[in-house]
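So the structure is just underneath, and the comments pick up after that.
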Amino acid sequence: MPMEKTFNAAEAEARISAQWIEGKAGRAGAHAKPGRPAFSIMIPPPNVTGSLHMGHAFNNTLQDILVRWHRMQGDDTLWQPGTDHAGIATQMVTEREMALHQEPTRREMGREKFLERVWQQKVKSRGTIIGQLQRLGASCDWDREAFTMSGAPGAPAGEAGNFHDAVIKVFVDMYNKGLIYRGKRLVNWDPHFETAISDLEVENIEVAGHMWHFKYELAGGETYDYVEKDEDGNVTFREKRNYISIATTRPETMLGDGAVAVHPSDTRYAPIVGKMVKLPLCDRLIPIIADEYPDPNFGSGAVKITGAHDFNDYAVAKRNNLPCYRLMDTRGRMRDDGAAYEVAVARAREIAAGSPTTESEVDSLNLVPTKYRGMDRFEARKAVIADINAIGLAVTVMIRETDPETGSEHLRLEPVVESKPIMQPFGDRSKVVIEPMLTDQWFVDTAKIVEPALEAVRTGRVKIIPESGEKTYYHWLENIEPWCISRQLWWGHQIPVWTAMVPSLKGEVGSWRIGVGSEIPLGEAAQFLRENAYDEKALGGQLTRAGLLTMQFCAASAEDAQKQIAKVWIDRTGAAPSNLVEVNAEPSEWPQFLHDTPNKGGDIPFWRDPDVLDTWFSSGLWPIGTLGWPEQTPELEKYFPTSVLVTGQDILFFWVARMMMMQLAVVEDIPFHTVYLHGLVRDAKGKKMSKSLGNVIDPLEIIDEYGADALRFANAAMASLGGVLKLDTQRIAGYRNFGTKLWNACRFAEMNGVWEGHATRAAPPSPQATANKWIIGETAKARVEVDAALADFRFDQAADALYKFVWGKVCDWYVEFAKPLFDGDQADETRATMAWVLDQCMILLHPFTPFITEELWATTGTRAGMLVHADWPTYGTELIDTEADREMTWVTGLIDEIRSARAQVHVPVGLKLDMLATAMDAQARAAWTRNEALIKRLARVESLTDASSAPKGAIAIAAEGASFAIPLEGIIDIGAEKARLQKALEKLEKEISGLSGRLSNPKFIESAKEEVVDEARANLEARSDEAAKVRAAMARLAELG
RNA sequence: GGGCGGUUAGCUCAGCGGUAGAGCACUACGUUGACAUCGUAGUGGCCACUGGUUCGAUCCCAGUACCGCCCACCA
């Protein structure tokens, strides 16, 4: 059956994809050859939130190119597929979906039911994603598909796996090494999702904000001389004041102020440092303190300090031992819990007066005045501003107003409100304003594990491409902050830490209250207990049964935790706890357990931390986790560290840096040798693709319209290093055409019986015809170029080389040369050559355009196997015949010249011309003779005869070693020919003047490299030669008039 | 405020010491033994600006302007 005119992508892709999958073409180690190295890539696991977008298509195309390339070379290749549970994003998507279908809310459902629901979402999205990857042609090992939450408790059937175990083990190990700790810290709190998030999940966006100025009055009616001076110390302003002026962009937080801070060097406030001010709207006094933080040149130079709601203020509060009063609940509303305001504020005054307290007590005190309780934070802001204005404590300016009716002037005081852009933090998922919130969270002590990650890149053990990525990497890691890894979500790996009641040792009670209200970070306490608890002397030598305390146990399972708990009980009391019961408790309920125990009904409660881990904690273990760690599997042995990580530069910190730190911390090895970072895919205009802009391009739509190969080739061609990748469908269409071009070259071959009698064509033939010799050399050049480009991750250069070779060399020239050759004596060797060359095109293009090449492979011969497992060629320059190369350059150059001249002089395309050779050296003559049929056909020349000189009215053609003339009196457009020659001459003269200018400069001769000088001389000679010929032709033309 | 990158043909981008290339778009011609998802020929560039290094700079260096991106606590 003859080939169709075009490749039917829609039909063939589905069929071929199924063949690859069923034949396990991407199986780990498929087509591996002895003695070849391993090559492995871990897919950046897509989130199970929906479907893949163009960025994924791009990213996975590059991976597949590398994987197919290595597999064909015989490397033991693994491309590990899988998906990421993406805690916050997936929980969000699922809840959105639930709302859409009027299902019960998450809280109504309860944790267990909700998790079942999310698993459904996971299954659905996973199916979509895997289907998309397969449509793209991704040759992953589908039998190894992984999921970052596989094997988690509650996973439905079919979701078994060991990733969860690996994550838990790492947590436990890192905990035991003191790399993970729990602590009450100010974290970024997302009031929408009601969870802590890491610094990286916060987007700082500039918004139009306001700054309000309030007066805080000195206590006891005191006053002071407020004096401003200029740089020279001259007094510029003096006033008796009874207040200090503060500025704020967040007035509602003033309710939780713990102090007003001024810079120690600020002479304006020196008289009142240490004095107390009355906190407006609150029945509290707060001190004026001196701290380095305030900038005396900004605003009034005095800063209100709200330790619980601002990162800077928190640092100041810590330094100065100020209480941090939390004002908001988890939803960002003003607190409405705890004791009545009067009671709370009374206690706050006691604390301020020196009454001993604990961090947990301070946290439990609700100092939001009754009026504001329960208000949304932005409502509270308005209310606070209004109330401050009402009591006259806003800083005001005097405004002169003219009454429009009476025309009378009067003065009015107006509060100072500056409008200014401020950087406001938003949750990257929720898009709501992030609230700094003082909560108990788990942290990775990144400072302790960062150094090996930095070192690995500094020493070149891990290479980041492009290099600029390394700088960014250093910059972030060198300034790394503790990583908050706990999330108050339900979907994720639950933190493997249990809290249990254990008997307290003497002296422990009061000082060792661990859990809510702990004085010591839990990690430290636990470590201390591990180190000291069994040494009775260290803890006073005696057990007391008087009390119980909470102790935390980090364990891989509840059973392990129970064993640990029992051991502590045995060590302390000599007996295991009678009735250890696991209870479910939210953190807010923990204090109840603390107070209701001991021994309520004889049960000893223990409970698990309800929080889950940050998604990136688990995806940070992707390389080892997917290979079966902690078991020492053969795959781990073989494929780890992985070869390359291909990922977007936007997740360098989120993922790449964390994988580096975690792998090095856990298995003391790098996760990958090379990191290839690519830019973000944008639309044709460079705009970010977003649903709201409506410019999202669905990769499946592109594949439907142009085929997967076209998308893939476009992706490869776009993959230049750095910057934004603008995706243009016109370009994709162009590469679809490229596929068609190859298809039709094969179709031409088929029509000419090229495949017949050339079933085996693994080795290049040894033809006689120059054109055949030449194309073999061109093929070798292409192979060398493609390999070099891919070795450097220059997908664009590889794609470019292939495009130029297949279209520019094979189709434009070689197929045309073959036409006359098929009619001659060398028809058979030409068939053999073309069969081989087209095979090479398929092989070399296969990593880029796997579908069409696989289809052609099957169509054009009887093959031992599929193209996906064909051998990648290794031939190189030895296949280049320099003589043939030179000759064909001469031939194609001559054809170009004749065609160009014909077109410009408006010779009818169909007209075959007689040509004269006015000069021809031996080499030129030989070249002509050997390729006469080719030149005649492509240049539409009827005959060539020798002539002593060019006749009048002829167009002149110059070639190396030869001059030709085409007599066209009466046919040619003399004006056009004159113009053509004039233009050619101008160009030549420009070149000549440049060259001779250089050559006449003695310094050039002296300093330039010899070969450069020689080249310039040769060029000058050649150009001068040509120019002479052109001038002669112009002279002849002039005679014609 | 700090860091990184960019500025080359109408558009999207390569090139990166010897005075410029591709694809698309555009123009003209074209049913030549595969291909109109095509062919042939062409038009189109003070390589952002200003200095410097060099025999020679789009390329190296410094500065300027503009544009991106990332990071950052100025209340």
Side-chain angles (χ1 to χ4, degrees), chain A residues 3 5-7 199-200 204 211 246-250 253 261 293-295 297-306 310-315 422-423 436 466 468-469 471-472 474-476 479 649-650 652-653 679-680 684-686 706 710 717-718 720 722-728 730-731 733-752 794 796-797 800 803-804 808 811-812 815-816 818-820 822-823 896 899-904 906 908-910 912 937-938 940 990-991 994-995 997-998 1001-1009 1012-1013 1015-1016 1019:
Chain A
M3 286 171 72
K5 267 192 160 183
T6 55
F7 170 59
D199 300 346
L200 286 177
N204 290 302
M211 195 150 77
I246 59 95
T248 180
T249 55
R250 303 203 47 199
T253 62
Y293 165 59
D295 175 357
N297 299 316
F298 185 85
S300 69
V303 184
K304 63 188 266 308
I305 301 299
T306 318
D310 182 280
F311 285 97
N312 291 313
D313 292 6
Y314 182 69
I422 54 170
M423 292 302 278
S468 61
K471 291 180 190 169
T472 316
Y474 295 142
H475 188 254
W476 190 68
N479 299 289
Q649 56 198 197
D650 53 327
L652 177 64
F653 306 143
L680 260 57
K685 288 173 196 144
Y706 302 101
M718 288 196 311
S720 56
V724 170
L725 307 153
K726 293 174 193 168
L727 188 79
D728 188 353
Q730 272 192 306
R731 196 157 174 195
Y735 292 125
R736 184 265 325 266
N737 299 353
F738 174 60
T740 308
K741 191 76 182 170
L742 174 70
W743 180 267
N744 277 290
C746 290
R747 185 159 165 266
F748 169 79
E750 184 196 47
M751 291 168 128
N752 286 281
R794 290 305 304 262
D796 56 330
Q797 287 179 357
D800 191 51
Y803 189 94
K804 286 188 166 125
C811 295
D812 284 351
V815 168
E816 294 305 323
K819 288 172 184 174
F822 283 149
D823 294 336
D896 278 341
R899 280 173 168 176
S900 177
R902 288 177 58 125
Q904 287 180 65
H906 304 125
V909 176
K912 291 200 170 188
R937 181 188 176 86
L938 295 190
R940 309 230 111 208
K990 198 178 160 197
E991 277 184 70
L995 286 164
R998 261 196 282 163
N1001 182 342
K1003 283 193 173 173
F1004 171 66
I1005 310 287
E1006 274 171 43
S1007 353
K1009 271 184 273 177
V1012 173
V1013 177
E1015 196 190 327
N1019 272 339

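Within every chain, numbering begins at 1; the chains are lettered A, B, ... in the order of the sequence lines, protein sequences first and strands thereafter.
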Pairwise C1' distance, B:rC69 and B:rG15 [rounded to whole Å]: 24 Å

A:Phe748 has an atom CZ; how far is it from atom C1' of B:rA36, in whole Å? 18 Å

Using the side-chain contact (heavy atoms from CB on, under 4.5 Å) criterion, which residues pair with A:Asn744? Sequence neighbours excluded. A:Thr740, A:Arg747

Taking side-chain contact (heavy atoms from CB on, under 4.5 Å) as the test, write out the residues that go with A:Asn204, two or more places apart. A:Val202, A:Met423, A:Pro425

If you define the side chain from C-beta out and look only at heavy atoms, does anything of A:Leu652 sit under 4.5 Å from A:Gln649? no

Under 3.5 Å between N/O atoms: give me all the protein pairs with nucleotides 28-31 of chain B, atom names plus distance.
none

Not counting sequence neighbours, which residues clear side-chain contact (heavy atoms from CB on, under 4.5 Å) with A:Ala749? List them please. A:Val754, A:Trp755, A:Met834, A:Leu838

A side-chain contact here means heavy atoms from C-beta on lying under 4.5 Å apart; do A:Val303 and A:Phe298 qualify? no

Under the ring pair (Phe, Tyr, Trp, His ring centres under 6.0 Å) test, which residues partner A:Phe738, sequence neighbours left out? A:Phe713, A:Tyr803

Does A:Arg736 contact B:rU37 through a side-chain donor or acceptor facing the base, at a distance under 3.5 Å? yes

Ignoring backbone atoms, test whether A:Lys912 places a side-chain nitrogen or oxygen under 4.0 Å from the OP1 or OP2 oxygen of B:rU32. no

Which residues share a side chain to side chain donor-acceptor pair (under 3.5 Å) with A:Lys819, sequence neighbours left out: A:Glu816

Quick check: any donor-acceptor pair below 3.5 Å linking the side-chain of A:Lys5 to the base of B:rC35? no

Results of side chain to side chain donor-acceptor pair (under 3.5 Å) for A:Thr306 - residues two or more places apart only: A:Asp257, A:Lys304

Here the distance between atom P of B:rA36 and atom CH2 of A:Trp743, to the nearest Å, is 14 Å

Base, sugar-phosphate, or nothing for A:Arg747, non-hydrogen atoms under 4.0 angstrom? sugar-phosphate

Side chain of A:Asn737: nearest nucleotide among B:rA41, B:rU37, B:rA34? B:rU37

Give a yes or no answer on whether the side chain of A:Arg902 reaches the backbone of A:Arg940 with a donor-acceptor pair at less than 3.5 Å. yes

If the P atom of B:rU37 is compared with that of B:rC24, how far apart are they to the nearest Å? 13 Å

Taking any heavy-atom pair under 4.0 Å as a contact, classify A:Cys811: base, sugar-phosphate, or nothing. base

Under a 3.5 Å cut-off on both pairing distances, which runs of 3 or more consecutive Watson-Crick or G-U pairs involve RNA chain B? B:1-7 with B:65-71, B:10-13 with B:21-24, B:26-30 with B:38-42, B:48-52 with B:60-64

Please report the distance, rounded to the nearest Å, between CD in A:Glu1015 and P in B:rU19. 8 Å

Taking for each residue the nucleotide of RNA chain B with the nearest heavy atom, is it A:Lys990 or A:Gln797 whose nucleotide lies nearer the 5' end? A:Gln797

What pairs of nitrogen or oxygen atoms, one from the protein and one from nucleotides 52-61 of chain B, lie under 3.5 Å apart?
unit_1, atom_1, unit_2, atom_2, d
B:rC55, O2', A:Asn1001, ND2, 2.7

With C1' as the reference atom in both, quote the distance from B:rA62 to B:rA57 in angstrom, rounded to an integer. 14 Å

Distance between the P atoms of B:rU58 and B:rU19, in whole angstroms? 10 Å

Backbone N/O of A:Gly997 and side chain of A:Asn1001: donor-acceptor pair under 3.5 Å: no

Could I get a table of every N or O pair under 3.5 Å where one atom is in the protein and the other is in nucleotides 68-75 of chain B?
unit_1, atom_1, unit_2, atom_2, d
B:rC73, O4', A:Asn312, ND2, 3.3
B:rC73, O2', A:Asn312, ND2, 3.0
B:rC73, N1, A:Asn312, OD1, 3.1
B:rC73, O2, A:Asn312, OD1, 3.2
B:rC74, N3, A:Asp295, OD2, 3.3
B:rA75, OP2, A:Lys420, NZ, 2.8
B:rA75, O2', A:Ala247, O, 2.7
B:rA75, N6, A:Asp295, O, 2.7
B:rA75, N6, A:Phe298, O, 2.4
B:rA75, N1, A:Asp295, N, 2.9

Please work out if A:Gln904 contacts a base, only the sugar-phosphate, or nothing of the nucleic acid, heavy-atom cut-off 4.0 Å. sugar-phosphate

Using a 4.0 Å heavy-atom cut-off, does A:Lys471 contact any base of the nucleic acid, only the sugar-phosphate backbone, or nothing at all? sugar-phosphate

For A:His906, side-chain contact (heavy atoms from CB on, under 4.5 Å) partners two or more places apart: A:Asp973, A:Ala976

Please enumerate all residues that pass side chain to side chain donor-acceptor pair (under 3.5 Å) together with A:Lys804, with sequence neighbours excluded. A:Asp800

